[in-house]
Amino acid sequence: MVGSAIVRTLEKRGYSNLLLRTRDELDLSNQASVQAFFETEKPDYVFLAAAKVGGILANDTYPAEFIYENLGIQTNVIHSAHLAGVQKLLFLGSTCIYPKMAPQPLKEEYLLTGPLEPTNEWYAVAKIAGIKLCQAYRRQYGCDFISAMPTNLYGPGDDFDPETSHVAPGIMRKMHTATIEGKTEVELWGTGRPRREFLHVDDLAEACCFLMDNYSAESPINVGTGKDLSIRELAETLQEITEFSGDLAFDETMPDGTPRKLVDTTRINQLGWKARIPLREGLEQTYRWYVERCTNAVSAK
Ligand code: GFB
């Protein structure tokens with residue numbers, strides 16, 4: 001989702017010399033393959049968006065995959081970028097790197113000031129290691145490696161599998177399916193009280209290009225909208241968008257995760273960047289994308 005959005009944004013800006021590889025063409029968890037790619041292609045700029053990601057249940061169910069795959073991908077790419085003399089690298093983290101009970105909004109300096117949320121500490125520890133790799137290579141070798149911490153993302157290209165996805169695509173799909181199947185209820189996880197901030201992936205892609213041009217420092221920098229809402233409010237908005245007329249049933253045996261994750265975006269705003277896509281509009285566009293994709297998949301069979 002993120003890589004494709006960055007490519008769309010770069011192409012819109014007129015870049016035609018992009019070095020792209022699919023997962024099948026280049027396995028980023030394979031050190032030798034990554035090193036060979038960098039030695040041969042010698043990229044100037046690197047956007048490191050590749051990661052093993054998922055929603056709260058996937059994070060909690062597959063801790064080994066989340067820590068192992070992410071440590072591997074980012075270590076291989078960052079080290080090879082250094083060896084190949086890359087001019088600038090942007091590493092993408094996540095706001096789950098901040099302590100579970102950190103004051104809100106989350107400022108960049110809250111990193112490593114308290115315990116992490118247990119459901120995603122494996123992913124968070126890997127992402128914190130990625131930030132530290134960038135900082136270490138900057139300090140020791142003078143590499144211009146930066147890291148950005150986006151808040152919860154959504155948009156075209158997302159994972160809509162209800163078991164592994166994040167909340168917005170997960171609920172969209174559950175409501176879409178329930179309407180088709182004539183169900184009167186959808187099951188949601190937790191209490192509905194946690195608050196989350198959602199950023200459209202095209203806004204993140206703009207922010208990544210902006211930071212490549214305008215940011216060069218050791219500290220990670222937050223990327224968000226500065227606004228959050230409760231999961232119940234999100235679900236009610238999605239009921240309107242998907243036209244699901246049934247009830248919301250919250251399964252409180254499922255985890256809530258972090259109570260709130262609102263990022264402080266003062267730094268990036270002061271540099272001159274702001275998110276543009278309003279949540280309602282972005283969710284509507286994402287739902288249209290999902291429905292078109294489902295319809296095409298069905299008619300292709
Ligand atoms: O999006 P989500 O999985 O990620 O869940 P996190 C957000 C909230 O929505 C949680 C609730 O309180 C969930 O319990 N929720 C309600 C649901 N219904 C659903 C549903 O049908 N599907 C899902 N997925 N959630 C992830 C981290 O945490 O966020 C990752 O695990 C990463 O490490 C990512 O940082 C951005 O915000 O809780």
Any side-chain heavy atom of L116 within less than 4.5 Å of one from I128?
-> yes
Output for pair (H79 NE2, C143 SG), nearest 0.5 Å, gives 10.0 Å
Would you call K261-D228 a salt bridge at under 4.0 Å N-O?
-> no
Between OG of S33 and CG of N76, what distance do you get to the nearest 0.5 Å?
-> 9.0 Å
Co-membership, hydrophobic cluster, residues Y141 and I146, 4.5 Å side-chain | no
Taking atom types as modelled, is there a side-chain donor on R267 or S219 under 3.5 Å from an acceptor on the other?
-> yes
Is any side-chain N of the basic residue among R21 and E41 closer than 4.0 Å to the acidic one's carboxylate O?
-> yes
Kindly compute the distance separating CG (N17) from CG (L19), expressed to the nearest 0.5 Å.
-> 7.5 Å
Charged N-O contact under 4.0 Å between R193 and D256 | no
Over all atoms of both residues, closest heavy-atom pair of I131 and S147 = CG2-OG, 3.9 Å
Polar contact flag, side-chain donor to acceptor under 3.5 angstrom, S165-D159 = no
Using modelled atom types only, decide if a donor and an acceptor are shared between the side chain of N30 and the backbone of V34 within a distance under 3.5 Å.
-> no
What are the two closest non-hydrogen atoms of C96 and N120, and how far apart are they?
-> CB-ND2, 3.5 Å
For L18 and E11, run side-chain contact (heavy atoms from CB on, under 4.5 Å): C-alpha distance rounded to whole Å, both residues' side-chain angles, the deciding distance at 0.1 Å, then the answer.
-> CA-CA 9 Å; L18 305 178; E11 284 174 344; 3.9 Å; yes
Sorted by first residue and then second, give each salt bridge (Lys or Arg N to Asp or Glu O under 4.0 Å) pair with at least one member in residues 64-80; sequence neighbours left out.
-> K52-E65
Pair E197-R260, side-chain contact (heavy atoms from CB on, under 4.5 Å): steps then yes or no | CA-CA 9 Å; E197 175 183 358; R260 195 174 184 201; over 6 Å; no
Could you check if a side-chain atom of V125 sits within less than 4.5 angstrom of a side-chain atom of I67, using non-hydrogen atoms only?
-> yes
Any idea which heavy atoms bring A235 and I171 closest together, and the distance?
-> CB-CD1, 4.1 Å
Check D144 against R138 and note the closest heavy-atom contact, atom names and distance.
-> OD1-NH2, 2.7 Å
Any E108 side-chain heavy atom under 4.5 Å of M149 side chain = no
If only atom types and distance count, is the side chain of E25 paired as donor or acceptor with the main-chain N or O of T22 below 3.5 Å?
-> yes
Do E187 side-chain atoms and F250 backbone N/O form a donor-acceptor pair below 3.5 Å?
-> no
Under the ring-ring contact (aromatic ring centres under 6.0 Å, His included) rule, what pairs show up with a residue in residues 162-184, not counting sequence neighbours?
-> H176-Y287, H176-Y290
To which residues is Y123 joined in a hydrophobic cluster, defined by side-chain heavy-atom contacts under 4.5 Å among Ile, Leu, Val, Met, Phe, Trp and Tyr, whether direct or through other members?
-> V53, Y62, F66
Please check if V201 and F160 belong to a single hydrophobic cluster, counting links between Ile, Leu, Val, Met, Phe, Trp and Tyr side chain heavy atoms closer than 4.5 Å.
-> no
Nearest 0.5 Å, what's the OG1-CG distance between T151 and L262?
-> 7.5 Å
Given side chains that start at C-beta, do those of E121 and P63 come closer than 4.5 Å, heavy atoms only?
-> no
Considering residues, nucleotides and ligands other than Y68, do more than 12 of their heavy atoms fall under 6.0 Å from its OH?
-> no
ring-ring contact (aromatic ring centres under 6.0 Å, His included) partners of residues 9-32, not counting sequence neighbours, each pair once = none
Same apolar cluster: L229 and L199, side chain cutoff 4.5 Å = no
Between L238 and the options L283, V186, V167, the side chain to side chain contact (heavy atoms under 4.5 Å, CB included) test singles out L283
Give the cluster check for L10 versus F210: same hydrophobic cluster or not, with ILVMFWY residues linked at side-chain heavy-atom distances below 4.5 Å.
-> yes
Among all residues two or more places apart in sequence or in another chain, which pass the side-chain contact (heavy atoms from CB on, under 4.5 Å) test with A81?
-> F38, V86, L89, F145
Rounding to 0.5 Å, atoms NZ (K42) and CD (Q87) come to a distance of 13.0 Å
No-hydrogen, no-angle side-chain donor-acceptor test under 3.5 Å, H200 and E281 | no
So does R280 have more than 12 non-hydrogen atoms from other groups sitting under 6.0 Å from CZ?
-> yes
Side-chain donor-acceptor contact under 3.5 Å, T119 with N59 | no
Using a cut-off of 6.0 Å, state whether more than 12 heavy atoms not belonging to Q31 lie near its atom CD.
-> no
Is the number of heavy atoms from other residues, nucleotides or ligands within 6.0 Å of CH2 (W122) greater than 12?
-> no
Side-chain heavy atoms of K132 within contact of L112, under 4.5 Å | yes
Write out all pairs satisfying salt bridge (Lys or Arg N to Asp or Glu O under 4.0 Å) with one or both partners inside residues 168-185, taking only residues at least two apart or from two chains.
-> E181-K183
So which heavy atom on P103 is nearest to which on Y110, and how close?
-> O-CE1, 3.4 Å
Can Y98 and N222 be counted as having a side-chain donor-acceptor contact under 3.5 angstrom?
-> yes
Answer with yes or no whether the hydrophobic clustering places L153 together with I231; edges join I, L, V, M, F, W, Y residues whose side-chain heavy atoms lie under 4.5 Å apart.
-> no
Do D203 side-chain atoms and R276 backbone N/O form a donor-acceptor pair below 3.5 Å?
-> yes
Given W289 and D158, is the side-chain contact (heavy atoms from CB on, under 4.5 Å) satisfied, shown in steps?
-> CA-CA 10 Å; W289 181 90; D158 210 344; 6.0 Å; no
Test side-chain contact (heavy atoms from CB on, under 4.5 Å) on L211 and V223 and set out the steps.
-> CA-CA 10 Å; L211 291 170; V223 188; 4.2 Å; yes
Please report the closest heavy-atom contact between G93 and P150, naming both atoms and the distance.
-> O-CD, 3.4 Å
Donor-acceptor side-chain pairing of T253 and D251 below 3.5 angstrom | yes
Could you give the distance from OG1 (T258) to CD (Q104), rounded to the nearest 0.5 Å?
-> 9.0 Å
Are R13 and E206 ion-paired here, with the side-chain N under 4.0 Å from a carboxylate O?
-> yes
Main-chain N/O of E233 paired to S230 side chain as donor or acceptor, under 3.5 Å = yes
Can you tell me if K88 uses its side chain to pair, donor with acceptor, with the backbone of M212 under 3.5 Å?
-> yes
Side-chain heavy-atom pair L92, L48 within 4.5 angstrom cut-off | no
